[in-house]
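Working notes, structure below.
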Amino acid sequence: MFVKPKKTVEQINFLASARYQNFTYQADKTYKAGEVYPANDATAVGIVFNDVVVDGDTGSQPVAIMVEGYVLKDRLPVAPADEAIEALKEIKFR
């Protein structure tokens with residue numbers, strides 16, 4: 001019997017509700033779950049839903065971006081800027 005070593009993932013839950021809407025975008029750089037996509041400014045589209053790693057071998061990668069829902073602002077890895085919060089009209093921060 002083949003047994004894989006146990007692997008644990010440590011990712012903080014930043015969702016405040018089970019209702020949310022995600023769309024797929026292409027990531028050109030590495031993002032952690034909870035970061036503002038594509039930048040933490042007025043160009044913000046949404047919040048990265050899962051970690052994505054982009055390196056020179058793989059090129060850009062698809063990533064789920066939350067565009068609508070409720071988020072616990074204090075649990076995000078980087079606090080969103082005021083401009084980003086203004087741009088994310090369908091995301092409610094608690």
Side-chain angles (χ1 to χ4, degrees):
M1 174 192 322
F2 176 75
V3 179
K4 286 185 174 179
K6 183 178 178 180
K7 183 177 180 183
T8 59
V9 177
E10 293 183 24
Q11 183 172 321
I12 296 174
N13 181 10
F14 56 83
L15 295 175
S17 172
R19 295 182 181 252
Y20 53 86
Q21 180 68 48
N22 291 349
F23 291 114
T24 304
Y25 287 85
Q26 288 296 114
D28 294 327
K29 66 176 193 168
T30 299
Y31 289 96
K32 290 184 71 173
E35 285 188 55
V36 179
Y37 176 88
N40 194 1
D41 57 19
T43 63
V45 173
I47 295 176
V48 178
F49 204 69
N50 294 331
D51 293 347
V52 62
V53 177
V54 177
D55 59 23
D57 296 332
T58 60
S60 63
Q61 294 291 310
V63 60
I65 303 297
M66 184 173 131
V67 295
E68 183 177 336
Y70 291 85
V71 172
L72 299 170
K73 188 167 129 177
D74 294 338
R75 291 191 182 176
L76 295 174
V78 176
D82 292 336
E83 299 87 18
I85 291 174
E86 184 68 28
L88 302 173
K89 297 191 184 306
E90 298 300 321
I91 296 179
K92 311 298 187 266
F93 294 92
R94 302 185 108 209

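Keep in mind that this is a model prediction, so the values were computed, not measured.
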query: Can you list every ring pair (Phe, Tyr, Trp, His ring centres under 6.0 Å) pair that touches residues 33-83, not counting sequence neighbours?
result: Tyr20-Phe49, Tyr25-Tyr37, Tyr31-Tyr37
Separation between CG of Leu72 and CG of Leu15, rounded to the nearest 0.5 Å: 8.0 Å
- prompt: Do Val45 and Phe23 pass the side-chain contact (heavy atoms from CB on, under 4.5 Å) test, and can you show the C-alpha distance, the side-chain angles, and the key distance before you say yes or no?
  reply: CA-CA 10 Å; Val45 173; Phe23 291 114; over 6 Å; no
- request: Provide the closest heavy-atom pair for Ala33 versus Pro77 in the form atom of the first, atom of the second, distance.
  value: O-CG, 3.3 Å
statement: Between Leu88 and Gly46 the two heavy atoms that sit nearest each other are CD2-N, 3.4 Å
query: So, does Asp82 use its side chain to make a donor-acceptor pair with the main chain of Ile85 at under 3.5 Å?
result: no
query: Less than 4.5 Å apart, any side-chain heavy atom of Val54 and any of Gln61?
result: yes
query: What distance separates Gln21 CD from Ile91 CD1, expressed to the nearest 0.5 Å?
result: 11.0 Å
- prompt: What's the shortest heavy-atom distance between Pro80 and Val36, and which atoms?
  reply: CB-CG2, 4.0 Å
Test log, rule side-chain contact (heavy atoms from CB on, under 4.5 Å), inputs Asn22 and Ile65: CA-CA 5 Å; Asn22 291 349; Ile65 303 297; over 6 Å; no
CD (Gln26) with more than 12 external heavy atoms under 6.0 Å: yes
task: Could you pull out the closest heavy-atom pair between Val71 and Met66, with the gap in Å?
output: CG2-CE, 3.2 Å
- prompt: If only atom types and distance count, is the side chain of Asn40 paired as donor or acceptor with the main-chain N or O of Ala79 below 3.5 Å?
  reply: yes
message: Give me the atom names and distance for the closest heavy-atom approach of Glu83 to Ala42.
response: CB-N, 3.7 Å
- request: Considering non-hydrogen atoms only, spot the tightest contact between Ala16 and Arg94 and give its length.
  value: CB-CD, 3.8 Å
query: What distance separates Ile47 CD1 from Leu76 CG, expressed to the nearest 0.5 Å?
result: 5.5 Å
